[in-house]
Amino acid sequence: MAWQMARSLLRLGFSGTAAVLAGRLIMGSEIAAWMVPAPPLLLVLAALAGWVADRIQAETEAGVANGLREEALARLRALPARSVQAVPVGELLVGLQRHPESIAALVVGHRVARLMLALGPLAAAAAILGVSWQAALLVLGLTPVMIIFFAFIGDAIRRRAKAQEKALGRLAGQFADRIRTLPTILAHHALGAEEAKLRIRLDAYAGETMGVLRVAFLNAGVIDFFSSLSIAILAVFLGLGHLGLASIPGFSDLALWQSLFILMIAPEYFAPFRRYAEQYHAKAEGDAAADALDRLLEPAPPPAADLPHLDRIAGTIALPPGGLVAVSGASGSGKSTLLRRLAGLEPGIEAAPGLATVSWAATDSYVPDGDLGAAIAWGTDAPPEPSRLLLAAGQVGLLDDTLLPGGLGARVENGGGNLSGGQRLRIAIARALLTDRPVIADEPTAKLDPATAALVRDALRDMARSRLVLVATHDGALLRLADMTIHLDPADQPARESAS
């Protein structure tokens with residue numbers, strides 16, 4: 001801000017000294033020695049101050065944007081897995097790329113332009129006031145009109161910016177979805193149809209972007225019109241006074257350098273307005289980006305589905321303190337949802353007695369960045385002994401996995417990006433082996449080969465000897481090992497319980 005103000009004052013100094021020098025040269029008046037080098041020196045200093053100001057602003061905006069990204073990633077890591085899964089992937093990726101820059105431009109560039117809008121014109125008007133208060137009053141008189149136009153155009157550009165962000169989110173979401181399902185699209189020879197759909201989204205986004213630019217150009221055009229009109233009126237009044245065609249107070253009987261001074265300072269009065277107009281679309285885009293980023297990073301948890309039969313089952317099931325309990329049923333009968341409700345993971349649903357703190361094992365179980373040993377030990381009550389880590393990993397076949405070589409030192413990406421669903425699930429089961437909490441596992445053998453599935457069944461059976469292990473499964477072999485089974489019939493039928 002200090003460098004921006006210095007640039008403004010140096011530009012005023014350049015305009016003023018250049019006007020005085022030109023007026024005295026034309027009129028043949030005496031010129032002081034310092035007046036000849038003053039204008040070019042002030043112009044160079046103003047350019048230097050402007051370069052420093054722009055560089056500092058760019059560095060500050062980059063720092064704000066990078067800080068926002070780091071905070072956004074930290075917020076994402078802190079969100080529950082189900083909330084993260086509810087966020088549209090394409091919109092999230094594009095949002096983390098675009099929104100921090102837009103917000104940084106709002107809180108840095110736009111804020112500086114707004115402060116300069118308050119200080120810059122006052123400095124220019126004060127300079128003109130020293131020569132003619134009537135001229136200063138004329139310049140100030142057009143300011144309320146421009147502010148009114150700012151208000152009208154600002155509302156339009158805000159609406160356009162929000163529409164642009166929504167169009168971009170829809171485009172990004174559709175693109176990410178098509179990338180994810182590309183093999184299916186190619187298999188059904190539907191590439192042309194999907195390309196046409198994406199082109200429609202792209203055209204809609206391009207149309208909204210052009211709408212924002214049109215309003216921004218209109219805003220700048222309004223400023224240029226009023227600044228040109230003001231300078232033209234000043235020039236006419238001053239010219240009439242010098243020609244003796246009219247006697248206008250404050251514009252007649254002025255020396256030539258005074259008239260030139262007014263005409264050269266007047267553009268500096270309107271320069272902050274022009275700069276603010278250029279930044280006005282940054283405000284609209286920044287506000288829209290902030291709203292969009294809030295929606296992405298503070299997603300409302302999906303409401304619990306209205307499933308009376310599951311609520312009735314969850315309220316009537318008497319779970320034993322230990323043993324292997326298996327929930328079976330056809331796909332779509334609600335097995336996974338029942339487990340989530342028993343564990344209290346559904347919004348507004350309380351956990352069943354004894355299941356407030358459990359070890360959850362599923363293909364979407366969280367996996368931190370690091371090595372395999374750290375991934376297994378994550379979330380345990382205390383750092384486990386290396387021997388226990390080795391034993392737990394070996395029990396579920398992680399040490400013999402050819403697709404994850406390196407033993408406990410195998411590299412694991414944040415979120416398990418380099419892991420299969422079966423590997424993530426086995427890491428969660430190995431993690432459960434290190435605790436004494438009840439275990440809830442969703443389809444623990446569904447994505448495994450027969451040999452590895454047998455290891456997982458043995459591990460679950462082993463844990464069930466000392467605590468409750470609750471699984472949802474289609475696996476007949478696992479069902480036969482269960483001490484108690486709960487079979488979910490269609491929604492309008494009660495569940496059947498049986499003990500083995």
Side-chain angles (χ1 to χ4, degrees), residues 80-82 301 304-366 379-381 392 395-396 425-426 428-446 453 456-500:
R82 199 174 188 207
D306 186 16
L307 300 171
H309 72 292
L310 287 185
D311 293 334
R312 183 177 64 252
I313 294 168
T316 58
I317 289 178
L319 293 172
L324 179 60
V325 178
V327 180
S328 66
S331 297
S333 60
K335 298 186 298 299
S336 298
T337 304
L338 178 60
L339 294 189
R340 299 187 68 85
R341 294 197 171 188
L342 289 172
L345 298 180
E346 291 284 327
I349 305 294
E350 292 187 5
L355 297 182
T357 304
V358 300
S359 291
W360 179 270
T363 56
D364 61 353
S365 294
Y366 177 68
T380 54
D381 297 328
Q395 278 187 265
V396 293
L425 190 145
R426 283 185 288 152
I429 293 176
R431 189 180 294 158
L433 286 166
L434 299 175
T435 73
D436 56 1
R437 305 171 193 158
V439 180
I440 297 182
D442 190 8
E443 298 288 357
T445 59
V456 170
R457 283 193 289 267
D458 291 342
L460 293 171
R461 182 68 259 182
D462 182 56
M463 287 187 287
R465 294 187 176 93
S466 59
R467 51 184 145 160
L468 174 64
V469 177
L470 179 63
V471 300
T473 184
H474 288 99
D475 185 355
L478 185 57
L479 287 171
R480 287 190 291 274
L481 291 175
D483 301 301
M484 172 181 173
T485 59
I486 302 169
H487 182 74
L488 296 183
D489 284 333
D492 57 345
Q493 300 293 328
R496 298 197 305 270
E497 298 182 19
S498 62
S500 301

Decide side chain to side chain contact (heavy atoms under 4.5 Å, CB included) for Met463 and Ile429; before the verdict, give the C-alpha distance in whole Å, the side-chain angles of both, and the deciding distance to 0.1 Å. CA-CA 10 Å; Met463 287 187 287; Ile429 293 176; 4.1 Å; yes
Does the pair Asp475/Arg457 count as a salt bridge with the N-to-O cut at 4.0 Å? yes
Sidechain N-carboxylate O distance under 4.0 Å for Asp483, Arg465: no
Yes or no on side chain to side chain contact (heavy atoms under 4.5 Å, CB included) for Val456 and Arg461, after CA distance, side-chain angles and deciding distance? CA-CA 9 Å; Val456 170; Arg461 182 68 259 182; over 6 Å; no
Pairwise side-chain contact, Ser466 with Asp436, heavy-atom cut-off 4.5 Å (strictly under): no
Taking the side chain as every heavy atom from C-beta outward, state whether Leu324 and Leu478 have any atom pair closer than 4.5 Å. yes
Non-hydrogen atoms of Ser336 and Asp442 that approach each other most closely: OG-OD2, 2.8 Å
Intermediate values then yes/no, side chain to side chain contact (heavy atoms under 4.5 Å, CB included), Leu468 and Val439: CA-CA 6 Å; Leu468 174 64; Val439 180; over 6 Å; no
Using a 4.5 Å cut-off on heavy atoms from C-beta on, say whether the side chain of Pro444 contacts that of Leu425. yes
Mark yes or no for whether His474, through its side chain, and Glu443, through its backbone, hold a donor-acceptor pair below 3.5 Å. no
Validate the cation-pi geometry between Arg437 and Trp360: distance from NZ or CZ to the six-membered ring centre under 6.0 Å, angle to the ring axis within 45°. no
For side chain to side chain contact (heavy atoms under 4.5 Å, CB included), just list the numbers for Thr473 and Val327, CA-CA rounded to whole Å, side-chain angles, deciding distance to a tenth of an Å, and then say yes or no. CA-CA 6 Å; Thr473 184; Val327 180; over 6 Å; no
Might you point out which heavy atoms bring Val396 and Ala430 nearest each other, and give the distance in Å? CG2-CB, 3.9 Å
Find the distance between CG (Leu460) and OG1 (Thr445) and round it off to the nearest 0.5 Å. 8.5 Å
For Ala392 versus Leu433, what's the shortest heavy-atom pair and its separation? O-CD1, 3.8 Å
For Thr485 and Ser328, which I'm curious about, is there any donor-acceptor pair between the side chains at under 3.5 Å? no
Distance-only, no hydrogens or angles: does the Lys335 side chain make a donor-acceptor pair with backbone N or O of Gly329 under 3.5 Å? yes
Distance in Å, Arg467 CZ paired with Ser359 OG, rounded so as to fall on 0.5 Å steps: 6.5 Å
Would you say the side chain of Arg431 lies within less than 4.5 Å of the side chain of Thr435, judging by non-hydrogen atoms? no
Looking at every non-hydrogen atom in both residues, tell me the closest pair between Leu479 and Ala326 and how far apart they are. CD2-CB, 3.6 Å
Correct closest heavy-atom pair for Ala362 and Ala428 would be N-CB, 4.4 Å
